[in-house]
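Because the structure is predicted, anything quoted here is derived from the model rather than measured. Any value given below was found using the heavy atoms of this structure, including those in side chains, with hydrogens, waters and symmetry copies removed. Residue numbers begin at 1 in each chain, while the letters A, B, ... track the order of the sequences.
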Amino acid sequence: MTTPVRALPRGAEEGVDAAPLGALAYASEDGSLAVYNDYEVGRSVIGPPPDFAGLRTVAETWRRSSKAGVSRPGGPVDPIDGYGVFTFPYGPISMGVPESGKFEVRTYGERILGLSPVAGFKSRRILSSVVGSTIPDAALRIERLAGNFSAAHTAAFLAAAESAEGRPVAREELRIRALGQELQRIYNHVHVLARIAEAAAQNVGAAQSHALAEDLLRLQGSVFGHRWLFGAFLPGGPRRATDREAREKLAARLVPLARTFSDLWELFLGSRTFVDRIQSTCVVPRTVALQWGAVGPTLRACGVDWDDRLRVPTVPYNDLFLDLPNESDGDALARLLVRAHEVRASFLLLEQLLDRWPSGTDGDEPPAANVGPERGLGRVESPSGDLVYDVYVKDGRVAGIGMRSASQANFPVFARGLRDGVFTDFHFAWESFGIVFAEVDA
Amino acid sequence: MSNDVLAILLVLAVATFFLGAALSIVRRSLGYLAALVGSVLLLSTAVVVLLGGPVSSPNWTGPLGEPESLSMDALSAFFALAASIVWIATSVYSIFYDDRRSPMLAISYCLTVGSIALLVNASSEVLFLIGWETMTLASYGMILQARGAAERVSSAAFVFLAFGEASTLFVILAVAGLRVGTGSFLFGAHLGPGSLATIVFVAALIGFGLKMGIAPFHMSEWLPIAHSSAPSNASAVLSSTLTLAGAYGLFRMVSLLNSPPLWWGAVMLGIGAVSALLGALFAAVSEHTKGLPAYSTIENNGLILVALGVALLSRSDGLEELFVFALFAALYQALAHAVAKTGLFLSAGYVEHTSHTFDLNAVDGRVKGTSRAQLLGTVAATLSLAAGPPLAGFVSEWMVLEALFQSYRFSQSWVQFVGLLAGAAVALAAGLILVAMVKFVGFSVLWRPRGGPPGNGAPGLGTVVGGVGATVVAIGVLAPWILQFLAPTASAFAGYSVAAPVGGLLSVPQGWSILSGSPFGILSPPMIPLALAIGSLVGLGYYALGRHRPRRRAAQWMAGSAPGLDGETYTSFGYSTGIRIMMGSVLGTREVRSDVGTVSVAGVDSVEPYSVDLEVFDSFKLFYAALVRLGNGISDVLKVWIMPGRLGRYLAYVLVVVLAVVIYIAAAY
Amino acid sequence: MPSWIGQALRTGIRTTLYPQRPASEVEVPATGRPPVPTTPDPPSADVISSCPSGAISSSGVDQGKCIRCARCLPGGFAFRGPVEAAMGSRSELLQDAPLSAVGRVLGALPPLGGFARSLHVFLVDAGSCNSCNLEVMALSNPLYDSQRLGIFFTNSPRHADALLVVGVPTDEMVPSLRRAYEALPDPKVVIAVGACPISGGAFAGTPGLATSLDDLLPVDIYVPGCPPTPVQILDGILRAVGRGRPREVP
């Protein structure tokens, strides 16, 4: 069910909302599979592509961005001209954005009239190179597709592979995957907060947030043996501390971290300069979010309550309580509010998970229904949004793979949201989306 | 040199210009050559007069029965000096660059220059007016020679003429006032304080202000130069020396008014500050290679007025030292501006010549073949206008600001307040003009990604612009001695002997520093390059000894992108957009979008091609436009009422007038 | 009333004492230290083939290839190498039976360029997964605070002395990488951070990716790991200026 929207964000057009409330979630390259999220009913529909001609542009934009060579993940370039209007190249090595990616800004000076991101500089050809590898070997590369989202990518890939093979998975494994994903979610959201605080020159707040993020990384390192959870979900991976004693220690360590976050968040919200800086910055109209299939905090900040953990329920999330944030302004502040809500929700999820962890094994979970012969779909809610893996498995090896990452979906939304902003808004917008080039240049 | 020889030189100098006008009909370069000769003669005469004493030619009787002669005293000598330096440069430039088919440009050039020479050396106000009017008409002729759409050229020239005639009108009013008050047309006759003096002052301020492009009349300066694309030698003469003539007239007339009340200086200060700020602001957001320097002229003239205002205020308040200092500041500002602006316009002319456009965005580094001398000269001239040490503009701007800083010395607090506000405005103007000048020189000649390395350059231009640049440096570095050289001019204005504000302090030799007050501020322009040279010795020695690493050339860093250029570099427009947005309320900045539409193509939003223009507007243009509409409206109404073209109505007028005359005569007798 | 000052006072000073003190347990997770053999016998064929990046050979472990997947642990290896794993050349990363080096303290590398008190570093992402980027950026957080050691990160290569490269160089990034190297003024240092630039890491053998940063630029310091922890990256940078902590083999 949809949350009643309090107010239409700036730019929303009357009458467009009469169109069905939903968005494309994934479309495979050969057109054999499409997944569509129905926001009104709150479930996803798998089947042949619906007759929505415009979705082709969206799917094309996503698909083009995961191949080698330079691509434009932001969608078609706005044809803007005028006296003194020129293209300002920002990147690929620009220190404001921590990765390598280029932004072509159409401007006449201070204003961003149009933005066209250019990706492909970091294209490591992962999706093409895992074809033919065994599942564990392929997972090694999938983990390292986007290091800060590694838990989500691995979990989604493994879920797709297991569904394709029809293999049951131990429930213990699924709980461990959820544990890792929630911990990484908290880290990512705190990191986003720290980066926005840096951009707003809130140096004390930024330092405190960075320290909290580092503490979370160390926590992940001590629980899973690797700060970024590489190998955490794979057989024969590094040491995992998930026995009862370790779980109790983990639960105890989470309490002060949650309290620190609450304190920091309260201080941030009380800082008028900080809030001013991100309020009404990079407003994403709901129509744009829907048309381009936005996902994650970006979507939830536009008043659509879609979260894979609720709408595509899997073990263990189907047993846990999760409430979604209620924001609809679509600006950077709303996205940050959504993230803060999710941090608290994740701490709660972790508490529930650890509390209800059965001692001893509790059997296997039967495989999820596959979407075709030897073909499986894996969907998780990564920290930046809905992540879809579409994997063909033959004889224990990957025979084909497709992926749609959250960044691929949100890049066009970012490019459009920044229209009519000013140069100084750029970093707030970029950080508030939490998208990365690494997910686009797979 | 005996007085007679000097007098002959003076007459010869002025006459040569008019001779040049005649020679131009035969051959253009002969006319310019004559102008060159005349300028050199005038320059030498001025130098001799400043060193020796005033000179005057024999009298003749003028049209109104007053004795007239060509006489040069120290005040005239200064303005003649400044003007002739400019004319030497522009005449040489014109020999190479006048490629019009008709000799009209050369003729009107010589006439303009000659009439300015005439009015600067006029002994009586009538001769001055003759020169003034001739100057207006001759420069109208020069502007008409511009290239471009005939209608735009003639309308811009007409605006110039209209403002010029308005100026003459007010100057005539001032002259009439002086005549009534002193009973003489000669420039030696002083007028005492009173309402007549006020009328003369206001009329002179408006009349000469119109010529100098003071706000709110700045359109007169900017429009003809920018809109009509006047030829470069014309622009240089108009901007530098026409305004110099206006300044001369103002100085001369004000010097004739004794005991100025306090509010005169305050008004001058206020108007000057506003002009300086507006001129600098519009220069910073201008994209026209001629319009930008034209606005800068308005700013500089505003500064001259500011300095003169402080001088008048100090005189009224009895602050002798500040009066003298501010007076020198005004003179120096006029000199520095005249020379530097010439360099700028000549360079802009060359830019237009090679790139065939007046738009800085279109020029964008496409200028080819500039020689090193030309480059250095342009940079020196630009930097001087931006008040970069140790150039002429730096010294003059420092002096103006120092004079304003001493506003606390005034006895009345409202005067102090006016000085404070004016100081703030002038400081802001200085900042804005820096943006304008860097933009100008950067996007026109200094950056040549598409133009290639400096070449041998245009014939003669390197010498001329390089010479102007060298002069600007010299005027800056040798300022203390030049100030002493100009002491007679200040004395002529003040009416008593004054000494230049130079001295020596803090182990700087006597006569090497400029003192702005005692005690207040000190500046030693010659010490700046000296200190720089000594300071660089260590570095240079290290370099010469070969201890440095071998030089390596690396490509420009563009965040990892290839340093390619088409459409991917900052435009001149983008450079000053920050100012357009920040000062948006003053400039009236607004974004105009055309052809915009968000089209939803099958569920995905896409944007139709559209163009965006960020526009600024000049509020005074609107004011004048409104005035013109009002005038046209009234004239239309009157046309219909009074002159309907019907014979009966006209006969009725004749009857009415005859009756009125009869009644009047009957009543009178 | 909550305030940032109160929060700061409550937090106290948490900056690590590295390199004055050795790295603590929390700073280096289980997979942080390089793998070393636990038995003196040469590794078996099974173990050699189990390593996905081919780091294990009969002579030992090529630390530049190890991606910390832990598959070799059952075959007689343990993550017990010294925390300070940065080396000055590719060959030094090939350890042969490092147990023979027990007790020998390996000192700091000779200083390069004389930047002992202040080194400005420019980070270039040549094609990484972002974990190395984030670990390098973690050096600026209060827990590591590289600035107290005179290490500063610059926004332009023109201001930098050291080029820090993370990620496996893709064909598309090679020109930009070269331009960045050219833009650094001499004298300069190149530091390769992570298994990816040293040997391709988990992506070794993929067409379109460089085999090693060595083939493109002259590399001075190699910091192995996937990703190396912040203290290990700090160690690598300090080695470039001769201030690294002496390497102690446990």
Name the region of [X], side chain, backbone, both or neither, that has any atom closer than 4.5 Å to a heavy atom of chain C.
| X | answer |
| --- | --- |
| A:Pro136 | both |
| A:Glu266 | side chain |
| A:Leu219 | neither |
| A:Ile126 | side chain |
| A:Leu145 | backbone |

Validation row: [X], [Y] side chains within 4.5 angstrom (heavy atoms):
| X | Y | result |
| --- | --- | --- |
| A:Arg195 | C:Met137 | yes |
| A:Thr260 | C:Gln7 | yes |
| A:Asp137 | C:Arg71 | yes |
| C:Glu172 | A:Asp441 | no |

Greatest number of heavy atom pairs closer than 4.5 Å to chain C - which of [options]:
| options | value |
| --- | --- |
| A:Pro98, A:Ser209, A:Ser94, A:Gly221 | A:Pro98 |
| A:Phe224, A:Phe268, A:Phe149 | A:Phe268 |
| A:Ala438, A:Gly147, A:Ala206, A:Ser100 | A:Ser100 |

At a heavy-atom separation under 4.5 Å, does [X] approach chain A through its side chain, its backbone, both, or neither?
| X | value |
| --- | --- |
| C:Ala180 | side chain |
| C:Leu209 | side chain |
| C:Cys196 | neither |
| C:Asn155 | both |
| C:Phe122 | side chain |
| C:Met173 | both |
| C:Thr154 | backbone |
| C:Ile67 | both |
| C:Arg14 | side chain |
| C:Pro169 | neither |
| C:Val26 | both |

Which heavy-atom pair separates [X] from [Y] by the least distance, and what is that distance?
| X | Y | result |
| --- | --- | --- |
| C:Pro29 | A:Gly225 | CB-O, 3.8 Å |
| C:Cys69 | A:Leu140 | CB-CD2, 3.8 Å |
| C:Ala138 | A:Glu214 | CB-OE1, 3.9 Å |
| A:Arg124 | C:Cys129 | NH1-CA, 3.5 Å |
| C:Pro227 | A:Phe230 | CD-CE1, 4.0 Å |

### Message
Can a donor-acceptor pair be found, under 3.5 Å and without considering hydrogens, that links the side chain of A:Arg141 to the backbone of C:Ala202?
### Response
yes
### Query
Would you find a donor on one side and an acceptor on the other, under 3.5 Å apart, between the side chain of C:Thr170 and the backbone of A:Phe121?
yes
### Message
Counting heavy-atom pairs under 4.5 Å with chain A, which one of C:Ser140, C:Pro74, C:Pro230 comes out on top?
### Response
C:Pro230
### Query
Do you know which of C:Pro52, C:Pro207, C:Pro157, C:Gly208 has the most heavy-atom pairs with chain A at a distance under 4.5 angstrom?
C:Gly208
### Task
Test A:Gln208 against C:Thr11 for side chain to side chain donor-acceptor pair (under 3.5 Å), laying out the working first.
CA-CA 8 Å; A:Gln208 293 277 346; C:Thr11 316; 3.2 Å; yes
Got a sec: does the [atom1] of [X] have more than 12 other heavy atoms crowding it under 6.0 Å?
| X | atom1 | result |
| --- | --- | --- |
| C:Arg21 | CZ | no |
| C:Leu9 | CG | yes |
| C:Gln20 | CD | yes |

Using 0.5 Å steps for rounding, measure from the [atom1] atom of [X] to the [atom2] atom of [Y].
| X | Y | atom1 | atom2 | result |
| --- | --- | --- | --- | --- |
| C:Tyr144 | A:His210 | OH | NE2 | 13.5 Å |
| A:Asp263 | C:Trp4 | CG | CH2 | 9.5 Å |
| A:Ile93 | C:Leu177 | CD1 | CG | 6.5 Å |

### Task
Given side chain to side chain donor-acceptor pair (under 3.5 Å), test A:Trp228 with C:Glu135 step by step and report yes or no.
CA-CA 10 Å; A:Trp228 303 94; C:Glu135 297 290 50; 3.1 Å; yes
### Query
Should the pair C:Arg68-A:Glu143 be classified as a salt bridge under the 4.0 Å nitrogen-to-oxygen rule?
no
### Query
Could you go step by step and tell me if C:Asp171 and A:Arg125 meet the side-chain contact (heavy atoms from CB on, under 4.5 Å) rule?
CA-CA 11 Å; C:Asp171 283 349; A:Arg125 288 89 166 148; 4.3 Å; yes
### Query
Do you know which of A:Arg144, A:Lys122, A:Glu439 makes side-chain hydrogen bond (donor to acceptor under 3.5 Å, both in side chains) with C:Asn130?
A:Lys122
